[in-house]
Amino acid sequence: MSVQHISLAQPFSDQKPGTSGLRKSSSQFATPDYLESFIEATLRTIPGVAGGTLVVGGDGRYGNSQAIGVICRMAAAHGLARVITTTGGILSTPAASHLIRSHGAIAGIILSASHNPGGPDGDFGVKVNGANGGPAPESITDAIYAETTRLDGYRIDMDAPPPNLSVCGEQQLGELVVQVIDGVEDYVALMQRLFDFDQIGALLRSDFPIAFDAMHAVTGPYASRLLEGLLGAPAGTVRNGIPLEDFGGGHPDPNLTYAHELASLLLDGDHYSFGAACDGDGDRNMIVGRSCFVNPSDSLAVLTANARLAPGYADGLAGVARSMPTSAATDVVAQQLGIPCYETPTGWKFFGNLLDAGRITLCGEESFGTGSNHIREKDGLWAVLFWLQILAVRKCSVAEIMAEHWNRFGRHYYSRHDYEAIPSEAAHGLYNRLKEMQPSLVGQAFAGRIIATADDFAYTDPVDGSLTTGQGLRLLLDDGSRVVLRLSGTGTQGATLRVYLESYVPASGDLHQDPQTALASLITAIDQLAEIRSRTGMGQPTVIT
Ligand code: G1P
Ligand code: ZN
């Protein structure tokens, strides 16, 4: 082994990880020493590197395999004992979380920019997960960032050949063992422990055609093995199932805009009974029934209400959690079940503390993320299987499940309007103006209601007492409706403004309106108050969910 210290002319100044790790354009990552610097800072920061095991893999986007090679050569130079990676370097975020936990790894490095487009002109990303399998806490990402700002160089084994990712087996890189495993196997076994594959298989072999869209991203191999292999769904059930470096030119984000082909099969056609899609790295999910889109906030509420139908949750739930912008549909279910419901800031790491402490079993976000204590990330295919499990037991349609749910708990009309890639100054100007106005808004009329509270969401972690501030501007109205504004922490072009709209109708009210109609007065009122259209210069949102 020939470890070399490569000197940097100066440290990179722009390597601050966001809520989902370091996410930048592929061309930025192609800058000499850029990836290496961030990995060096990471390996200097995370505890247990000497003699430890690291899990490494990614969503297959452009740069994936090459980055795995760099990380292995740097791991060898830093004295790690073992790197566990996968054939083709393909590893979904949830499967990585599981591998970290089940192999006692010190950490995981996941190569993904999640749902952002990939390819030479797309984005790349590096996400660091801790020993619990979840996104590294802010204390670690802050320390990594501090390290990047004073880095003078990095250590790498210059002689080591790139690991052969085409076959399973062990390779020696100096003192380091690179273990290449099948990235799908362990994950599939975990799903078999949580769900009844005989019941789901019987449903899929009956008259219940389903369609799954892997969006040419990481879940293709997982979904093919699960749905078509083990559960007996016909060949062709998994669409776009081969991972491609540029996701076929698509935007692997499972929502009504970017997964419109799948959505249209279910919403406009009448062949399929159930449809689902996952994002680039496999942690997000979209669920659609025939003529019935399930919004993610409702999905979490349905899983909470029906959890006992899955073998893995037959004993009930310790509690549930949702991110602040997610609708309160789950809160109502939790109240009826008599279990606690926590409201956290956006981002999965806040759920991690609650899961580790055993306070919650299920959690989710409005942004198509749902998960449980089986790992420490959201999990797209897990949510799909959970829905299929419920449908297999209840033997009804998705639309019937939703109608019954609203009849019992009432309905939270909900929508998110995203204004993407707006000039950063315009976005911050709009946001800061509303924030300054907030104190004067309390008691004012808004969309025919009165503003009862106007604040910037802050969260005190009930497990470790840490305080997180500045998490989104809320206008809470006197009838329980609300509007929330946030600036995205994951975009790479300009700024993205997210406007979250929510209004509750009890079971006795009109439960079958179009959400945009039900929310129309809130939409108009927030546009007027925050001057969204004039300040962004956009006549309508880029994405409406
Ligand atoms: C978005 C979602 C958020 C999710 C994050 C990572 O973040 O809104 O719920 O946790 O992606 O998948 P945002 O761009 O809003 O900061
Ligand atoms: Zn993702």
Side-chain angles (χ1 to χ4, degrees), residues 17-23 57-61 91-97 110-118 123-127 129 134-136 141 214-215 217-219 222 243 247 251-255 258-259 277-286 295-297 299-300 321-327 343-352 363-371 375-383 414 416-422 427 431 457 468 470-473 484-500 541-543 545:
T19 39
S20 307
L22 182 67
R23 197 177 286 188
D59 62 12
R61 70 179 62 224
L91 183 62
S92 76
T93 290
S97 181
I110 303 171
L111 305 164
S112 172
S114 186
H115 49 284
N116 292 22
D123 289 337
F124 192 75
V126 179
K127 200 164 87 155
N129 280 28
T141 52
M215 305 190 85
V218 81
T219 52
Y222 295 85
F247 308 120
H251 193 138
D253 198 2
N255 59 37
Y258 297 122
C278 289
D279 74 330
D281 62 331
D283 55 358
R284 293 186 176 192
N285 73 91
M286 177 175 77
N295 91 48
S297 299
S299 179
L300 178 64
R322 64 163 172 90
S323 68
M324 179 276 283
T326 305
S327 93
E343 183 180 31
T344 64
T346 298
W348 210 258
K349 62 188 166 199
F350 297 97
F351 296 140
C363 45
E365 297 190 287
E366 47 63 44
S367 53
F368 297 89
T370 335
I375 52 170
R376 293 295 180 272
E377 286 279 3
K378 54 194 176 230
D379 190 345
L381 276 165
W382 166 89
Y414 186 83
R416 183 176 107 179
H417 291 194
D418 294 332
Y419 297 81
E420 294 179 329
I422 48 183
Y431 195 82
F457 181 64
T468 306
Q471 293 300 305
L473 306 181
V484 175
L485 264 73
R486 265 187 76 246
L487 293 177
S488 157
T490 62
T492 53
Q493 279 166 11
T496 294
L497 172 71
R498 306 200 195 283
V499 181
Y500 309 83
T542 333
V543 178
T545 300

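Whatever order the structure lists ligands and atoms in, that order sets their numbers, starting from 1. Computed from a predicted model, the values in this text were never measured in an experiment. Start at 1 with the first residue, then count along the sequence.
- Inter-residue side-chain proximity for Arg61 and Phe124 is flagged as met; some heavy-atom pair is nearer than 4.5 Å.
- Not a single N or O atom of Leu487, backbone or side chain, sits closer than 3.5 Å to an N or O atom of ligand 1.
- Atom OD1 is the N/O/S atom of Asp283 found closest to the Zn ion (ligand 2).
- Restricting Asp279 to its N/O/S atoms, the shortest distance to the Zn ion (ligand 2) is reached by OD2.
- Atom numbering of ligand 1 starts at 1 in the shown order; those under 4.0 Å from a heavy atom of Arg498 are 8 (O), 13 (P), 14 (O), 15 (O).
- Asp279 pairs in a side-chain hydrogen bond (donor to acceptor under 3.5 Å, both in side chains) with only one of the listed residues (Ser114, Ser112, Ser92), which is Ser114.
- Considering all non-hydrogen atoms of both residues, Leu381 and Cys278 come closest at N-SG, 3.9 Å.
- Between Trp348 and ligand 1, not a single N/O pair is under 3.5 Å apart.
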Go through Phe457 and Glu343 one step at a time and tell me if the side-chain contact (heavy atoms from CB on, under 4.5 Å) criterion holds. CA-CA 10 Å; Phe457 181 64; Glu343 183 180 31; 4.1 Å; yes
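- Those atoms of ligand 1 with a heavy atom of Thr346 less than 4.0 angstrom away are 3 (C), 9 (O).
- Judged by the shortest distance from any of its heavy atoms, Arg416 lies inside the 4.0 Å radius around the atoms of ligand 1.
- Closest approach of Thr542 and Glu420 over heavy atoms only: OG1-N, 2.8 Å.
- The distance from ligand 1 to the heavy atoms of Arg486 drops below 4.0 Å at these ligand atoms: 13 (P), 15 (O), 16 (O).
- In this structure, Gly347 has a heavy atom closer than 4.0 Å to ligand 1.
- From the protein, the heavy atom lying nearest to atom 4 (C) of ligand 1 is Glu365 OE1, 3.3 Å.
- To the nearest 0.5 Å, the span separating CG on Leu111 from CG on Asp59 amounts to 8.0 Å.
- Ser20 OG, 3.3 Å is the protein heavy atom nearest to atom 6 (C) of ligand 1.
- Between the side chains of Ser97 and Asn129, no donor-acceptor pair is found at a separation under 3.5 Å.
- Scanning the protein heavy atoms around atom 12 (O) of ligand 1, the nearest turns out to be Lys378 NZ, 2.7 Å.
- For atom 7 (O) of ligand 1, the nearest protein heavy atom (residue, atom name, distance) is Thr490 CG2, 3.5 Å.
- Heavy atoms of Ser488 found under 4.0 angstrom from ligand 1 belong to the backbone as well as the side chain.
- Using a 4.5 Å heavy-atom threshold, the side chains of Glu365 and Phe351 count as touching.
- Note on Glu377 versus Lys127: salt bridge recorded, some NZ/NE/NH1/NH2 to OD/OE distance being below 4.0 Å.
- Taking the Zn ion (ligand 2) as reference, the nearest N/O/S atom within Asp281 carries the name OD1.
- Between Tyr500 and Tyr414, the ring-plane angle classifies as tilted under the 30° and 60° cut-offs.
- Of all protein heavy atoms, the one lying nearest to atom 1 (C) of ligand 1 is Arg284 NH2, 3.5 Å.
- Taking backbone and side chain together, Ser112 holds no N, O or S atom under 2.8 Å from the Zn ion (ligand 2).
- Lys378 and Gly369 make their closest contact through CD-CA, 3.5 Å (heavy atoms, listed as atom of the first residue, atom of the second, distance).
- Distances from atom 2 (C) of ligand 1 to the heavy atoms of Ser367, Gly489, Gly369 put Ser367 nearest.
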